[in-house]
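Down below is the structure, laid out as structure tokens.
We number each residue from 1, following the sequence as shown.
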Amino acid sequence: MVTTRASSEQRVVLRNISWQTFETMLAEMGNDRASRMAYDRGTLEIMAPLLPHEYWNRLIERLIFVLGEELNLEIFPTGSTTLKRKDLRRPAEPDSSYYIRNEARVRNKIAIDLSNDPPPDLVVEVDLTSSSLDRFQIYASLGVPELWRYDEGVLHIYQLQQGEYVECRNSPTFAQLPLIEIPRFLEESQRIGVMEMTRNFRHWVREQI
């Protein structure tokens with residue numbers, strides 16, 4: 001067992017964990033928990049987010065919904081829902097996830113089954129680089145088309161191309177807006193507050209479109 005601690009999260013890594021053990025832990029821990037898990041063929045990582053981690057995650061979610069409103073896009077948020085396919089044995093629970101292009105296909109579902117349902121169109125991770133598992137490879141194997149990583153004040157946007165994530169300047173989902181500007185607004189929230197920052201971001205989006 002390896003335990004690590006970053007400024008915004010705590011992680012425990014367990015080795016030689018069988019798939020059956022992982023599924024038993026997942027069932028017994030239930031959905032009403034703050035921790036998030038990722039599993040890659042025998043290695044289990046359990047992450048407990050601390051306040052800074054959740055602060056940035058929730059703010060990014062707020063801005064994603066502003067984008068949806070201003071661009072007239074339906075968004076179905078699936079949060080940290082466990083994304084897994086039994087045949088791959090490489091599940092993960094993201095910081096947040098969203099159906100946008102495929103929103104209509106999952107709109108009324110109470111559970112996501114990736115053996116039949118498409119993966120979320122967008123996954124967001126905060127401080128992904130501190131993970132002991134290669135979550136890029138996990139999400140790529142699941143077919144998640146777009147991944148955002150917010151790390152140390154920088155937003156990295158990746159698009160899945162031929163099974164690998166390629167960093168790109170603009171989000172393929174949100175009308176080619178220069179979303180690398182998002183960190184500027186996130187940092188601004190600490191100076192002027194969340195609501196005022198949100199209004200400023202909405203005004204900026206309207207100027208862009």
Closest non-hydrogen atom pair between [X] and [Y], with its separation:
X: P145; Y: P120; answer: CD-O, 3.3 Å
X: P183; Y: L155; answer: CG-N, 3.5 Å
X: G68; Y: I75; answer: CA-CD1, 3.8 Å
X: S35; Y: M29; answer: OG-CE, 3.5 Å
X: I17; Y: Y39; answer: O-OH, 2.6 Å
X: W19; Y: P91; answer: CZ3-CD, 3.6 Å

With a 4.5 Å cut-off on side-chain heavy atoms, are [Y] and [X] touching?
X: E146; Y: S171; result: yes
X: E187; Y: R184; result: no
X: L147; Y: L160; result: no
X: L59; Y: V194; result: yes
X: F174; Y: L71; result: yes
X: T43; Y: L14; result: no

Would you compute the distance between atom [atom1] of [X] and atom [atom2] of [Y] and round it to the nearest 0.5 angstrom?
X: M47; Y: S80; atom1: CE; atom2: OG; answer: 7.5 Å
X: L88; Y: L142; atom1: CG; atom2: CG; answer: 6.0 Å
X: L51; Y: R58; atom1: CG; atom2: CZ; answer: 11.5 Å
X: K84; Y: R89; atom1: NZ; atom2: CZ; answer: 11.0 Å
X: K86; Y: S115; atom1: NZ; atom2: OG; answer: 11.0 Å
X: F201; Y: R199; atom1: CZ; atom2: CZ; answer: 15.0 Å

Salt bridge [X]-[Y], side-chain N to carboxylate O under 4.0 Å:
X: E69; Y: R202; result: yes
X: R101; Y: D121; result: no
X: E103; Y: R107; result: yes
X: R36; Y: E54; result: yes

Step by step, would you call L179 with I157 a side-chain contact (heavy atoms from CB on, under 4.5 Å)? CA-CA 9 Å; L179 297 185; I157 299 172; 4.0 Å; yes
Who passes ring pair (Phe, Tyr, Trp, His ring centres under 6.0 Å) against [X], sequence neighbours left out?
X: Y99; answer: none
X: Y98; answer: none
X: Y158; answer: F136

Step by step, work out the side-chain contact (heavy atoms from CB on, under 4.5 Å) result for M37 and E93. CA-CA 6 Å; M37 296 194 289; E93 296 175 333; 3.8 Å; yes
Please check if any side-chain donor atom of [X] sits under 3.5 Å from a side-chain acceptor atom of [Y], or the reverse.
X: S96; Y: E61; answer: no
X: Y139; Y: E125; answer: yes
X: T21; Y: T24; answer: no

Could you please spell out the steps behind the side-chain contact (heavy atoms from CB on, under 4.5 Å) verdict for V166 and Q161? CA-CA 7 Å; V166 177; Q161 297 181 6; 3.8 Å; yes
Using a 3.5 Å distance criterion without hydrogens, assess whether the side chain of [X] forms a donor-acceptor pair with backbone atoms of [Y].
X: N57; Y: H53; result: no
X: E70; Y: R206; result: no
X: S97; Y: P94; result: no
X: D95; Y: V126; result: yes
X: D134; Y: Q137; result: yes
X: T78; Y: T81; result: no

From the options R11, R15, R90, select the one residue that forms a salt bridge (Lys or Arg N to Asp or Glu O under 4.0 Å) with E45. R11
Run the numbers on M25 and L44 for side-chain contact (heavy atoms from CB on, under 4.5 Å), then give the verdict. CA-CA 11 Å; M25 293 176 65; L44 172 64; 3.6 Å; yes
Please determine whether the number of non-hydrogen atoms from other residues, nucleotides or ligands lying under 6.0 Å from atom CD of E152 exceeds 12. no
Counting heavy atoms not belonging to D87, are there more than 12 under 6.0 Å from its CG? yes
Run through W56, Y150, W204 and flag the one making a ring pair (Phe, Tyr, Trp, His ring centres under 6.0 Å) with F185. W204
